[in-house]
Amino acid sequence: MTTEHASSKNDILFARAQQSTPGGVNSPVRAFRSVGGTPRFITRAEGPYFWDADGKRYIDYIGSWGPAIVGHAHPQVVKAVQDAAANGLSFGAPTEGEIEIAEELCRLVPSLEQVRLVSSGTEATMSALRLARGATGRDKIVKFEGCYHGHADSLLVKAGSGLLTFGNPTSAGVPEDFVKHTLVLDYNNVPQLEDAFASMGDTIACVIVEPVAGNMNLIRATPEFLTRMRELCTEHGAVLIFDEVMCGFRVGLGGAQEMYGISPDLTALGKVIGGGMPVAAFGGRSELMQKMAPIGPVYQAGTLSGNPVAVAAGMTTLKLVQEPGFYDRLSAQTAKLVEGLAEAAKEAGVTFCADSVGGMFGMYFSATVPSTYAQMMAGDKERFNRFFHGMLDEGVYFAPAMFEAGFVSAQHDDGVIAETVEAARRVFKRIA
Ligand code: KE4
């Protein structure tokens, strides 16, 4: 039951939803299973806010898990969607809008020479993996514990039993065979990466990494980690894939690859580039992308890829984030949030710290900002959950799981940040 009262419309809707949909949700993290309680059914959103089925307003720090970077229901984005929809929703044939957004992505993301549009981050990373394997003729892939790249079979894998042993499925329904080529290493562990390449470098098709990790809370890659990764991939002919579905256009206009000054061979994008509509993409060096069907041997397709209504939302969002000073302001507001939260926790004597990169942030109920998955998982989950629900009652909606990052929009102004920090002062005192 919700923390307010048993007859909440959210409870009623949640009970009803579970009759027709597994867990009552269309994506597991929405079910609040990590924090407990009843998910809020959102009726509408505007700017930094959204409202639940009881009419309660929340300051939203999910932003649809990243896409709502210009704020919810931005008038220019809504109008672009309305205008596009009036001309038809989907044609299954090419449109000029797809060329325009592809050209814009290649102009803004340093390593992109060509790009293919898809409808989800999962499709983007799955296709990039297939391209890397098709281009190299190799089977093995390297990922890192705590990084999430969507739900393609070969990526639903946890670290093997021993060091440098291949992964085991994290999901039922994924045959061992589908993950036996996936090696799971520790994030920010350079020696381990060097050992993997030393022992099997010429069989590794690719390394896929979140260059700023946002699926084990927020964890920054060290420059050494990414630099060495780039060197090793180059040395051994492996494809380096930056999964920037979340950090692309979130940490800065050119994403993490511009921030670190490292050029991957392929990049996966999503979230912000759709502005809340289903647009994702993978792209990189033309020499690689030319291997994609219909001109190359690597097959990939999608009925709604490059959908004109979704592309209109994405293109308008990409224009808005290029307004002068957009990311400076977004980064400053996000830093103001995490500084305020840390100050509030300190006043209450609660062990807490926070970090931010551009418009994404992490909150940790631990003494220091984690740099590894294990350090993040050692955080005080029970206290996080009490903080989460306390803030939810105060009308502030953070990610409903300790291992998720948070997101600020251009509409989270000083007043919104101050209101959040004031609420946190009250909640930290209650959970101290
Ligand atoms: P989608 O298939 O959910 O569009 O994207 C998968 C994906 C790929 N790569 C990264 C770095 C991602 O963060 C994601 C999806 N992120 C989650 C947030 N933790 C989406 C939320 C959800 O699963 O409902």
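One-based numbering, in listed order, for ligands and for the atoms of each.
The backbone N or O of Ile219 sits nowhere less than 3.5 Å from a side-chain atom of Asp355 that would complete a donor-acceptor pair.
For Glu404, every heavy-atom contact with ligand 1 shorter than 4.0 Å involves the side chain, none the backbone. When heavy-atom distances to ligand 1 are checked against a 4.0 Å cut-off, Thr122 comes that close through both its backbone and its side chain. With a heavy-atom cut-off of 4.0 Å, His149 touches ligand 1 through its backbone alone.
When hydrogens are left out, the protein atom nearest atom 15 (C) of ligand 1 is Lys271 NZ, 3.5 Å; that is the closest non-hydrogen contact. For atom 7 (C) of ligand 1, the nearest protein heavy atom (residue, atom name, distance) is Gly150 N, 3.8 Å. Nearest to atom 22 (C) of ligand 1 among the protein's heavy atoms is Ser27 OG, 3.4 Å. The closest protein non-hydrogen atom to atom 10 (C) of ligand 1 is Tyr148 O, 3.3 Å.
Salt-bridge check for Glu382 with Arg386: passed, with a basic side-chain N closer than 4.0 Å to an acidic carboxylate O. The pair Glu419-Arg57 meets the salt-bridge criterion, since a charged nitrogen lies less than 4.0 angstrom from a carboxylate oxygen. Salt bridge annotation for Lys336-Glu339: absent, with no cationic side-chain nitrogen under 4.0 angstrom from a carboxylate oxygen.
The residue among Ala152, Gly121, Pro211 with a heavy atom at the shortest distance from atom 5 (O) of ligand 1 is Gly121.
With a 4.5 Å cut-off on side-chain heavy atoms, Asn10 and Lys56 do not count as touching.
Near Ser120, meaning under 4.0 Å from any of its heavy atoms, are these atoms of ligand 1: 2 (O), 4 (O). Close contacts of ligand 1 with Glu210, meaning ligand atoms under 4.0 Å from a residue heavy atom, involve 11 (C). Taking every heavy atom of Val29 and a limit of under 4.0 angstrom, the matching atoms of ligand 1 come to 22 (C), 24 (O).
Taking the six-membered ring for Trp, Tyr373 and Phe144 have ring centres at least 6.0 Å apart. Residues Phe388 and Phe32 place their aromatic rings such that the two centres sit under 6.0 Å apart.
Below 3.5 Å of separation, one finds an N or O of Asp243 facing an N or O of ligand 1. Annotation: Asn215 places an N or O atom under 3.5 Å from an N or O atom of ligand 1; distance criterion only.
Between the side chains of Glu98 and Thr95, at least one donor N or O lies within less than 3.5 Å of an accepting N or O.
When each of Leu155, Leu156, Asp153 is paired with Phe178, the side-chain contact (heavy atoms from CB on, under 4.5 Å) condition holds for Asp153 and for no other.
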